[in-house]
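Each remark here refers to the structure printed beneath this line.
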Protein chains: 2
Amino acid sequence: MATRTRRTERREEPLSRERIVEAAVDLLDTAGDGGLTFRALAQRLATGPGAIYWHVTGKDELLSAAADAVVAGAMTTVAADATPQQAIRVLALGLFDAIDDHPWVGPQLARSPRQSPMLWIFEQLGRQVQALGVPDAAQYTSASALMHYILGVSNQNAANARANQPLTDRTEFLRAVSAVWAELDPDEYPFTRNVAGHMREHDDREEFLAGVDLILAGIAALR
Amino acid sequence: MATRTRRTERREEPLSRERIVEAAVDLLDTAGDGGLTFRALAQRLATGPGAIYWHVTGKDELLSAAADAVVAGAMTTVAADATPQQAIRVLALGLFDAIDDHPWVGPQLARSPRQSPMLWIFEQLGRQVQALGVPDAAQYTSASALMHYILGVSNQNAANARANQPLTDRTEFLRAVSAVWAELDPDEYPFTRNVAGHMREHDDREEFLAGVDLILAGIAALR
DNA sequence: ACCTGAACACCGTTCAAGT
DNA sequence: ACCTGAACACCGTTCAAGT
(Lines give C-alpha, C1' and ligand atoms only; values in the text may rest on other atoms or scores of the structure.)
Protein backbone atom coordinates (compact mmCIF):
# COMPACT_ATOMS: atom_id res chain seq x y z
CA MET A 1 0.00 0.00 0.00
CA ALA A 2 1.18 3.52 -0.67
CA THR A 3 2.31 5.60 2.28
CA ARG A 4 -0.40 7.73 3.70
CA THR A 5 0.15 11.45 3.54
CA ARG A 6 1.28 12.63 6.99
CA ARG A 7 -1.21 15.38 7.29
CA THR A 8 -4.44 15.70 5.38
CA GLU A 9 -3.86 17.41 2.09
CA ARG A 10 -5.51 20.81 2.09
CA ARG A 11 -8.00 19.59 -0.45
CA GLU A 12 -11.61 20.63 -0.61
CA GLU A 13 -12.67 20.42 3.02
CA PRO A 14 -16.43 20.77 3.16
CA LEU A 15 -17.77 24.17 4.10
CA SER A 16 -18.82 24.47 7.72
CA ARG A 17 -19.97 27.17 10.08
CA GLU A 18 -16.71 26.83 11.94
CA ARG A 19 -14.55 27.31 8.86
CA ILE A 20 -16.65 30.27 7.76
CA VAL A 21 -16.39 32.04 11.11
CA GLU A 22 -12.66 31.37 11.25
CA ALA A 23 -12.19 32.87 7.80
CA ALA A 24 -14.37 35.84 8.76
CA VAL A 25 -12.24 36.61 11.83
CA ASP A 26 -9.14 36.37 9.69
CA LEU A 27 -10.60 38.69 7.07
CA LEU A 28 -11.66 41.23 9.69
CA ASP A 29 -8.21 41.18 11.26
CA THR A 30 -6.46 41.52 7.92
CA ALA A 31 -8.67 43.81 5.90
CA GLY A 32 -10.29 45.81 8.66
CA ASP A 33 -13.85 46.60 9.53
CA GLY A 34 -15.09 47.02 5.98
CA GLY A 35 -13.10 44.12 4.62
CA LEU A 36 -15.62 41.46 5.53
CA THR A 37 -17.57 40.92 2.34
CA PHE A 38 -19.53 37.90 1.25
CA ARG A 39 -17.70 37.98 -2.02
CA ALA A 40 -14.25 38.22 -0.45
CA LEU A 41 -15.17 35.56 2.08
CA ALA A 42 -16.48 33.28 -0.66
CA GLN A 43 -13.31 33.71 -2.67
CA ARG A 44 -11.18 32.84 0.32
CA LEU A 45 -13.27 29.73 0.84
CA ALA A 46 -13.17 28.91 -2.86
CA THR A 47 -16.90 29.00 -3.34
CA GLY A 48 -19.72 31.35 -4.28
CA PRO A 49 -21.31 33.95 -2.00
CA GLY A 50 -24.59 32.05 -1.91
CA ALA A 51 -22.97 28.99 -0.33
CA ILE A 52 -22.30 30.86 2.89
CA TYR A 53 -25.99 31.44 3.42
CA TRP A 54 -26.54 27.75 3.81
CA HIS A 55 -24.53 27.80 7.07
CA VAL A 56 -25.23 31.29 8.35
CA THR A 57 -28.38 33.38 8.20
CA GLY A 58 -26.69 36.62 7.20
CA LYS A 59 -24.01 39.14 7.96
CA ASP A 60 -25.28 40.03 11.41
CA GLU A 61 -25.03 36.45 12.60
CA LEU A 62 -21.61 36.17 11.03
CA LEU A 63 -20.32 39.22 12.90
CA SER A 64 -21.88 38.01 16.14
CA ALA A 65 -20.29 34.62 15.78
CA ALA A 66 -16.91 36.18 15.01
CA ALA A 67 -17.08 38.38 18.12
CA ASP A 68 -18.21 35.38 20.15
CA ALA A 69 -15.18 33.41 19.05
CA VAL A 70 -12.74 36.17 20.01
CA VAL A 71 -14.26 36.83 23.42
CA ALA A 72 -14.47 33.14 24.23
CA GLY A 73 -10.80 32.81 23.38
CA ALA A 74 -9.91 35.73 25.63
CA MET A 75 -11.70 34.41 28.72
CA THR A 76 -10.41 30.87 29.00
CA THR A 77 -7.74 31.01 31.66
CA VAL A 78 -8.70 32.02 35.18
CA ALA A 79 -6.31 30.72 37.80
CA ALA A 80 -8.16 28.94 40.58
CA ASP A 81 -5.99 30.17 43.46
CA ALA A 82 -6.02 33.86 42.52
CA THR A 83 -7.63 36.49 44.71
CA PRO A 84 -10.74 38.10 43.23
CA GLN A 85 -8.78 41.28 42.62
CA GLN A 86 -6.09 39.40 40.73
CA ALA A 87 -8.68 37.47 38.73
CA ILE A 88 -10.41 40.70 37.73
CA ARG A 89 -7.12 42.19 36.58
CA VAL A 90 -6.38 39.09 34.53
CA LEU A 91 -9.81 39.20 32.90
CA ALA A 92 -9.41 42.90 32.22
CA LEU A 93 -6.01 42.53 30.59
CA GLY A 94 -7.20 39.55 28.57
CA LEU A 95 -10.00 41.59 27.10
CA PHE A 96 -7.75 44.58 26.56
CA ASP A 97 -5.29 42.50 24.57
CA ALA A 98 -7.96 40.61 22.64
CA ILE A 99 -9.63 43.83 21.54
CA ASP A 100 -6.24 45.28 20.68
CA ASP A 101 -5.63 42.28 18.42
CA HIS A 102 -9.16 42.39 16.95
CA PRO A 103 -10.18 46.05 16.89
CA TRP A 104 -13.48 45.31 15.12
CA VAL A 105 -14.79 43.42 18.17
CA GLY A 106 -15.59 46.49 20.21
CA PRO A 107 -18.20 48.10 17.98
CA GLN A 108 -19.68 44.66 17.42
CA LEU A 109 -20.20 43.84 21.11
CA ALA A 110 -22.58 46.71 21.69
CA ARG A 111 -24.56 46.10 18.52
CA SER A 112 -24.93 42.38 19.03
CA PRO A 113 -28.62 41.57 19.28
CA ARG A 114 -28.51 38.75 21.78
CA GLN A 115 -25.18 40.19 23.02
CA SER A 116 -24.19 36.88 24.53
CA PRO A 117 -20.49 37.78 24.64
CA MET A 118 -21.22 40.71 26.92
CA LEU A 119 -23.36 38.56 29.16
CA TRP A 120 -20.50 36.15 29.47
CA ILE A 121 -18.08 38.92 30.42
CA PHE A 122 -20.61 40.22 32.91
CA GLU A 123 -20.91 36.75 34.41
CA GLN A 124 -17.17 36.28 34.78
CA LEU A 125 -16.66 39.65 36.42
CA GLY A 126 -19.73 39.18 38.58
CA ARG A 127 -18.43 35.96 40.07
CA GLN A 128 -15.33 37.74 41.26
CA VAL A 129 -17.44 40.59 42.60
CA GLN A 130 -19.41 38.04 44.57
CA ALA A 131 -16.19 36.52 45.85
CA LEU A 132 -15.18 39.97 47.07
CA GLY A 133 -18.07 39.85 49.49
CA VAL A 134 -20.03 42.71 47.98
CA PRO A 135 -23.58 42.85 49.38
CA ASP A 136 -26.26 41.50 47.06
CA ALA A 137 -27.86 44.83 46.23
CA ALA A 138 -24.57 46.29 44.98
CA GLN A 139 -23.30 43.33 42.97
CA TYR A 140 -25.01 44.35 39.75
CA THR A 141 -23.68 47.89 39.96
CA SER A 142 -20.16 46.69 40.70
CA ALA A 143 -19.97 44.19 37.86
CA SER A 144 -21.53 46.71 35.50
CA ALA A 145 -19.02 49.42 36.40
CA LEU A 146 -16.09 47.06 35.89
CA MET A 147 -17.39 45.76 32.57
CA HIS A 148 -18.15 49.13 31.04
CA TYR A 149 -14.86 50.62 32.11
CA ILE A 150 -12.91 47.65 30.77
CA LEU A 151 -14.69 47.54 27.43
CA GLY A 152 -14.72 51.31 27.05
CA VAL A 153 -11.00 51.76 27.52
CA SER A 154 -10.20 48.72 25.41
CA ASN A 155 -12.33 50.01 22.55
CA GLN A 156 -10.85 53.43 22.78
CA ASN A 157 -7.37 52.02 22.69
CA ALA A 158 -8.20 49.85 19.69
CA ALA A 159 -9.84 52.74 17.84
CA ASN A 160 -6.79 54.90 18.46
CA ALA A 161 -4.46 52.19 17.24
CA ARG A 162 -6.56 51.74 14.11
CA ALA A 163 -6.68 55.45 13.41
CA ASN A 164 -2.91 55.83 13.83
CA GLN A 165 -1.60 52.79 12.02
CA PRO A 166 1.41 54.73 10.72
CA LEU A 167 2.67 55.19 14.28
CA THR A 168 3.29 51.60 15.23
CA ASP A 169 5.29 52.57 18.28
CA ARG A 170 3.03 53.10 21.25
CA THR A 171 5.11 55.61 23.13
CA GLU A 172 5.49 57.55 19.91
CA PHE A 173 1.73 57.61 19.53
CA LEU A 174 1.17 58.77 23.11
CA ARG A 175 3.73 61.47 22.62
CA ALA A 176 1.81 62.65 19.56
CA VAL A 177 -1.47 62.74 21.47
CA SER A 178 0.20 64.57 24.29
CA ALA A 179 1.51 67.16 21.85
CA VAL A 180 -1.92 67.71 20.32
CA TRP A 181 -3.54 68.08 23.71
CA ALA A 182 -0.91 70.53 24.87
CA GLU A 183 -1.81 72.76 21.92
CA LEU A 184 -5.52 72.94 22.75
CA ASP A 185 -7.16 76.27 23.45
CA PRO A 186 -6.58 76.92 27.20
CA ASP A 187 -9.99 78.56 27.51
CA GLU A 188 -11.89 75.65 26.04
CA TYR A 189 -9.80 72.72 27.22
CA PRO A 190 -8.01 73.68 30.44
CA PHE A 191 -8.29 70.22 31.99
CA THR A 192 -7.25 68.22 28.94
CA ARG A 193 -4.27 70.52 28.46
CA ASN A 194 -3.33 69.96 32.06
CA VAL A 195 -3.24 66.18 31.84
CA ALA A 196 -1.42 66.26 28.49
CA GLY A 197 1.92 66.09 30.27
CA HIS A 198 0.88 62.99 32.15
CA MET A 199 0.12 61.28 28.83
CA ARG A 200 3.73 61.43 27.72
CA GLU A 201 5.08 59.14 30.42
CA HIS A 202 2.04 56.95 30.69
CA ASP A 203 1.89 53.25 29.95
CA ASP A 204 -1.44 52.19 28.42
CA ARG A 205 -1.84 48.96 30.28
CA GLU A 206 -0.70 50.35 33.63
CA GLU A 207 -3.02 53.29 33.23
CA PHE A 208 -5.80 50.86 32.33
CA LEU A 209 -5.15 48.79 35.45
CA ALA A 210 -5.09 51.93 37.58
CA GLY A 211 -8.66 52.53 36.45
CA VAL A 212 -9.63 48.98 37.35
CA ASP A 213 -8.11 49.51 40.78
CA LEU A 214 -10.00 52.78 41.17
CA ILE A 215 -13.28 50.95 40.62
CA LEU A 216 -12.17 48.17 42.96
CA ALA A 217 -11.56 50.85 45.58
CA GLY A 218 -15.08 52.13 45.01
CA ILE A 219 -16.42 48.63 45.42
CA ALA A 220 -14.45 48.15 48.62
CA ALA A 221 -16.02 51.33 49.99
CA LEU A 222 -19.44 49.69 49.66
CA ARG A 223 -18.69 46.94 52.13
CA MET B 1 -49.15 96.95 -0.36
CA ALA B 2 -49.95 93.34 0.33
CA THR B 3 -49.51 92.06 3.89
CA ARG B 4 -46.20 90.40 4.44
CA THR B 5 -46.30 86.73 5.29
CA ARG B 6 -45.81 86.40 9.05
CA ARG B 7 -43.15 83.79 8.87
CA THR B 8 -40.88 83.09 5.96
CA GLU B 9 -42.54 80.74 3.53
CA ARG B 10 -40.78 77.40 3.52
CA ARG B 11 -39.55 78.09 0.06
CA GLU B 12 -36.21 76.98 -1.33
CA GLU B 13 -33.82 77.91 1.43
CA PRO B 14 -30.30 77.42 0.14
CA LEU B 15 -28.57 74.22 1.13
CA SER B 16 -26.12 74.62 4.00
CA ARG B 17 -24.00 72.39 6.17
CA GLU B 18 -26.24 73.23 9.08
CA ARG B 19 -29.45 72.24 7.31
CA ILE B 20 -27.85 69.03 6.06
CA VAL B 21 -26.67 67.97 9.51
CA GLU B 22 -30.04 68.81 11.00
CA ALA B 23 -31.81 66.68 8.41
CA ALA B 24 -29.31 63.88 8.99
CA VAL B 25 -29.99 63.84 12.73
CA ASP B 26 -33.69 63.76 12.03
CA LEU B 27 -33.32 60.92 9.57
CA LEU B 28 -31.19 58.91 11.97
CA ASP B 29 -33.71 59.42 14.75
CA THR B 30 -36.64 58.49 12.56
CA ALA B 31 -35.36 55.75 10.32
CA GLY B 32 -32.67 54.28 12.53
CA ASP B 33 -29.03 53.50 12.04
CA GLY B 34 -29.31 52.34 8.44
CA GLY B 35 -31.81 55.01 7.45
CA LEU B 36 -29.24 57.67 6.71
CA THR B 37 -28.77 57.49 2.97
CA PHE B 38 -27.53 60.14 0.61
CA ARG B 39 -30.54 59.49 -1.57
CA ALA B 40 -33.03 59.71 1.28
CA LEU B 41 -31.28 62.77 2.64
CA ALA B 42 -31.28 64.41 -0.80
CA GLN B 43 -34.98 63.73 -1.23
CA ARG B 44 -35.77 65.27 2.14
CA LEU B 45 -33.76 68.33 1.14
CA ALA B 46 -35.38 68.42 -2.29
CA THR B 47 -32.15 68.06 -4.20
CA GLY B 48 -29.87 65.45 -5.72
CA PRO B 49 -27.38 63.29 -3.80
CA GLY B 50 -24.43 65.02 -5.41
CA ALA B 51 -25.38 68.41 -3.98
CA ILE B 52 -24.63 67.24 -0.44
CA TYR B 53 -21.01 66.61 -1.35
CA TRP B 54 -20.51 70.27 -1.95
CA HIS B 55 -21.02 70.96 1.77
CA VAL B 56 -19.72 67.77 3.34
CA THR B 57 -16.80 65.56 2.36
CA GLY B 58 -18.63 62.27 2.80
CA LYS B 59 -20.69 60.05 5.04
CA ASP B 60 -18.09 59.81 7.80
CA GLU B 61 -17.99 63.55 8.26
CA LEU B 62 -21.76 63.69 8.17
CA LEU B 63 -22.06 61.12 10.96
CA SER B 64 -19.38 62.88 12.98
CA ALA B 65 -21.12 66.20 12.63
CA ALA B 66 -24.45 64.67 13.61
CA ALA B 67 -22.96 63.12 16.75
CA ASP B 68 -21.22 66.40 17.52
CA ALA B 69 -24.52 68.26 17.36
CA VAL B 70 -26.24 65.85 19.74
CA VAL B 71 -23.44 65.82 22.31
CA ALA B 72 -23.08 69.58 22.22
CA GLY B 73 -26.78 69.90 22.89
CA ALA B 74 -26.58 67.54 25.83
CA MET B 75 -23.74 69.36 27.60
CA THR B 76 -24.93 72.94 27.67
CA THR B 77 -26.31 73.42 31.16
CA VAL B 78 -23.94 73.08 34.10
CA ALA B 79 -25.12 75.01 37.14
CA ALA B 80 -22.39 77.23 38.52
CA ASP B 81 -23.15 76.71 42.20
CA ALA B 82 -23.36 72.91 42.10
CA THR B 83 -20.89 70.70 43.93
CA PRO B 84 -18.58 68.70 41.67
CA GLN B 85 -20.48 65.54 42.56
CA GLN B 86 -23.76 67.12 41.59
CA ALA B 87 -22.31 68.50 38.38
CA ILE B 88 -21.00 65.07 37.43
CA ARG B 89 -24.40 63.51 38.03
CA VAL B 90 -26.05 66.17 35.88
CA LEU B 91 -23.57 65.60 33.06
CA ALA B 92 -24.05 61.85 33.35
CA LEU B 93 -27.83 62.03 33.20
CA GLY B 94 -27.72 64.50 30.33
CA LEU B 95 -25.65 62.09 28.28
CA PHE B 96 -27.80 59.15 29.30
CA ASP B 97 -30.94 60.88 28.10
CA ALA B 98 -29.36 62.25 24.93
CA ILE B 99 -28.15 58.81 23.91
CA ASP B 100 -31.52 57.35 24.81
CA ASP B 101 -33.12 59.85 22.43
CA HIS B 102 -30.51 59.31 19.72
CA PRO B 103 -29.43 55.67 19.98
CA TRP B 104 -27.18 55.90 16.93
CA VAL B 105 -24.81 58.30 18.74
CA GLY B 106 -23.13 55.64 20.85
CA PRO B 107 -21.58 53.53 18.12
CA GLN B 108 -20.61 56.72 16.33
CA LEU B 109 -18.66 58.22 19.25
CA ALA B 110 -16.16 55.40 19.38
CA ARG B 111 -15.65 55.31 15.63
CA SER B 112 -15.25 59.00 15.19
CA PRO B 113 -11.82 59.71 13.74
CA ARG B 114 -11.05 62.98 15.45
CA GLN B 115 -13.49 61.95 18.21
CA SER B 116 -13.90 65.53 19.29
CA PRO B 117 -17.21 64.87 21.07
CA MET B 118 -15.51 62.42 23.41
CA LEU B 119 -12.75 64.86 24.10
CA TRP B 120 -15.34 67.42 25.04
CA ILE B 121 -17.03 65.01 27.44
CA PHE B 122 -13.66 64.12 28.89
CA GLU B 123 -12.92 67.80 29.42
CA GLN B 124 -16.20 68.50 31.17
CA LEU B 125 -15.87 65.55 33.51
CA GLY B 126 -12.21 66.31 34.10
CA ARG B 127 -12.92 69.82 35.31
CA GLN B 128 -15.19 68.44 37.99
CA VAL B 129 -12.61 65.84 38.90
CA GLN B 130 -10.12 68.62 39.34
CA ALA B 131 -12.62 70.51 41.49
CA LEU B 132 -12.89 67.43 43.69
CA GLY B 133 -9.27 67.90 44.66
CA VAL B 134 -7.97 64.72 43.07
CA PRO B 135 -4.17 64.69 42.92
CA ASP B 136 -2.71 65.43 39.49
CA ALA B 137 -1.44 61.95 38.77
CA ALA B 138 -4.89 60.41 39.28
CA GLN B 139 -6.99 62.96 37.40
CA TYR B 140 -6.68 61.25 34.05
CA THR B 141 -7.66 57.89 35.47
CA SER B 142 -10.64 59.37 37.33
CA ALA B 143 -12.07 61.25 34.37
CA SER B 144 -11.50 58.26 32.13
CA ALA B 145 -13.31 55.89 34.50
CA LEU B 146 -16.28 58.21 34.75
CA MET B 147 -16.51 58.77 31.02
CA HIS B 148 -16.27 55.14 30.00
CA TYR B 149 -18.79 54.03 32.58
CA ILE B 150 -21.25 56.76 31.58
CA LEU B 151 -20.98 56.12 27.86
CA GLY B 152 -20.95 52.35 28.26
CA VAL B 153 -24.14 52.17 30.30
CA SER B 154 -25.86 54.76 28.12
CA ASN B 155 -25.01 52.83 24.96
CA GLN B 156 -26.11 49.59 26.45
CA ASN B 157 -29.39 51.11 27.51
CA ALA B 158 -29.94 52.60 24.06
CA ALA B 159 -29.07 49.33 22.32
CA ASN B 160 -31.51 47.46 24.53
CA ALA B 161 -34.25 49.96 23.84
CA ARG B 162 -33.62 49.71 20.11
CA ALA B 163 -33.64 45.92 20.18
CA ASN B 164 -36.87 45.76 22.15
CA GLN B 165 -38.95 48.43 20.46
CA PRO B 166 -42.14 46.38 20.90
CA LEU B 167 -41.84 46.68 24.68
CA THR B 168 -42.18 50.41 25.06
CA ASP B 169 -42.74 50.16 28.77
CA ARG B 170 -39.46 50.14 30.62
CA THR B 171 -40.50 48.17 33.65
CA GLU B 172 -42.05 45.62 31.32
CA PHE B 173 -38.76 45.33 29.49
CA LEU B 174 -36.75 44.91 32.67
CA ARG B 175 -39.17 42.26 33.81
CA ALA B 176 -38.59 40.42 30.54
CA VAL B 177 -34.81 40.57 30.94
CA SER B 178 -35.12 39.43 34.50
CA ALA B 179 -37.20 36.45 33.40
CA VAL B 180 -34.66 35.46 30.74
CA TRP B 181 -31.76 35.71 33.19
CA ALA B 182 -33.61 33.66 35.79
CA GLU B 183 -33.87 30.84 33.25
CA LEU B 184 -30.14 30.67 32.50
CA ASP B 185 -28.21 27.48 33.16
CA PRO B 186 -27.19 27.65 36.85
CA ASP B 187 -23.88 25.94 36.08
CA GLU B 188 -22.87 28.44 33.41
CA TYR B 189 -24.42 31.64 34.71
CA PRO B 190 -24.71 31.42 38.50
CA PHE B 191 -23.99 35.09 39.07
CA THR B 192 -26.27 36.48 36.38
CA ARG B 193 -29.08 34.26 37.61
CA ASN B 194 -28.50 35.56 41.10
CA VAL B 195 -28.84 39.22 40.17
CA ALA B 196 -31.87 38.56 37.94
CA GLY B 197 -34.20 39.22 40.84
CA HIS B 198 -32.62 42.58 41.48
CA MET B 199 -33.35 43.56 37.87
CA ARG B 200 -37.10 43.33 38.37
CA GLU B 201 -37.33 46.17 40.86
CA HIS B 202 -34.54 48.27 39.43
CA ASP B 203 -34.88 51.72 37.97
CA ASP B 204 -32.51 52.33 35.05
CA ARG B 205 -31.52 55.84 35.89
CA GLU B 206 -31.13 55.20 39.62
CA GLU B 207 -29.04 52.14 38.91
CA PHE B 208 -26.98 54.23 36.50
CA LEU B 209 -26.39 56.90 39.13
CA ALA B 210 -25.45 54.25 41.69
CA GLY B 211 -22.63 53.29 39.35
CA VAL B 212 -21.52 56.90 39.06
CA ASP B 213 -21.48 57.13 42.84
CA LEU B 214 -19.47 53.94 43.07
CA ILE B 215 -16.78 55.48 40.90
CA LEU B 216 -16.95 58.71 42.87
CA ALA B 217 -16.34 56.63 46.00
CA GLY B 218 -13.31 55.11 44.31
CA ILE B 219 -12.05 58.57 43.43
CA ALA B 220 -12.58 59.75 47.00
CA ALA B 221 -10.45 56.85 48.19
CA LEU B 222 -7.53 58.24 46.20
CA ARG B 223 -7.32 61.44 48.16
C1' DA C 1 -28.28 18.10 1.60
C1' DC C 2 -25.31 21.26 -0.10
C1' DC C 3 -23.17 24.27 -3.54
C1' DT C 4 -23.04 27.62 -7.74
C1' DG C 5 -23.21 32.07 -9.62
C1' DA C 6 -26.12 35.14 -12.11
C1' DA C 7 -29.47 38.57 -10.90
C1' DC C 8 -31.86 42.10 -7.99
C1' DA C 9 -32.18 46.08 -5.33
C1' DC C 10 -29.54 49.21 -3.08
C1' DC C 11 -25.61 51.92 -1.58
C1' DG C 12 -21.56 55.82 -1.45
C1' DT C 13 -19.29 58.59 -4.49
C1' DT C 14 -17.96 60.93 -8.87
C1' DC C 15 -18.39 64.06 -12.48
C1' DA C 16 -19.79 66.24 -16.77
C1' DA C 17 -23.16 69.35 -17.46
C1' DG C 18 -25.99 72.94 -16.18
C1' DT C 19 -27.32 77.74 -13.73
C1' DA D 1 -20.21 79.20 -6.56
C1' DC D 2 -23.49 75.91 -6.25
C1' DC D 3 -26.70 72.39 -7.88
C1' DT D 4 -28.37 68.25 -10.90
C1' DG D 5 -28.79 63.54 -11.76
C1' DA D 6 -27.02 59.90 -14.55
C1' DA D 7 -23.31 56.63 -14.12
C1' DC D 8 -19.81 53.66 -11.76
C1' DA D 9 -18.28 50.27 -8.71
C1' DC D 10 -19.66 47.78 -5.02
C1' DC D 11 -22.55 45.60 -1.56
C1' DG D 12 -26.03 41.98 0.97
C1' DT D 13 -29.20 38.75 -0.28
C1' DT D 14 -32.05 35.62 -3.20
C1' DC D 15 -32.99 31.82 -5.98
C1' DA D 16 -33.36 28.79 -9.94
C1' DA D 17 -30.40 25.45 -11.30
C1' DG D 18 -27.15 22.05 -10.58
C1' DT D 19 -24.73 17.82 -7.98
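Chain letters run A, B, ... following the sequence lines, proteins first, then strands; residues in each count from 1. All of these numbers come straight from a predicted model, not from anything done at the bench.
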- request: Spell out protein contact along nucleotides 13-19 of chain D as letters: B when the base is contacted, S when just the sugar-phosphate is, - when no protein heavy atom is under 4.0 Å; keep the 5' to 3' order.
  value: BBB----
query: So A:F191 and A:W181, ring pair (Phe, Tyr, Trp, His ring centres under 6.0 Å) or not? Walk me through it.
result: CA-CA 10 Å; A:F191 172 74; A:W181 285 13; 8.7 Å; no
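- For the pair A:N194 and A:Y189, the minimum side-chain heavy-atom distance is 4.5 Å or more.
- Here C:dG5 presents its C1' atom at 14 Å from CD of A:Q43, a figure rounded to the nearest Å.
- For the pair A:I20 CD1 and C:dC2 P, the interatomic distance rounds to 12 Å; values are reported in whole Å.
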field: Watson-Crick and G-U pairing of DNA chain D, under 3.5 Å, as dot-bracket with | and [ ]
entry: ||.|||||...|||||.||
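- One atom, CG of A:L63, and another, P of D:dC11, lie 15 Å apart when rounded to the nearest Å.
- Atom NE2 of B:H55 and atom P of C:dG12 are 18 Å apart (whole Å).
- With hydrogens and angles left out, the side-chain atoms of A:S116 and A:D68 include a donor and acceptor closer than 3.5 Å.
- Here OH of A:Y53 is found 9.0 Å from NZ of A:K59. Values are rounded to the nearest 0.5 Å.
- Side-chain atoms of A:R19 come within 3.5 Å of backbone N or O of A:P14 as a donor-acceptor pair.
- Here A:L36 lies in heavy-atom contact (under 4.0 Å) with sugar-phosphate atoms only.
- Using a 4.0 Å cut-off, some side-chain N or O of B:W54 falls inside it from OP1 or OP2 of D:dC2.
- Legend: residues meeting side chain to side chain donor-acceptor pair (under 3.5 Å) with B:T171, ordered by chain and number and at least two apart, are B:D169.
- What separates CG of A:L45 from P of C:dC3 is a distance of 10 Å, to the nearest Å.
- Applying the 6.0 Å contact sphere to CZ of B:R175 captures no more than 12 heavy atoms from other residues, nucleotides or ligands.
- By the 4.0 Å N-to-carboxylate-O rule, A:R17 lies close enough to A:E61 to be salt-bridged with it.
- Separating the CD1 atom of A:I52 from the P atom of C:dG5 is a distance of 13 Å, rounded to the nearest angstrom.
- Side-chain contact between B:P190 and A:E123 is present, with at least one heavy-atom pair separated by less than 4.5 Å.
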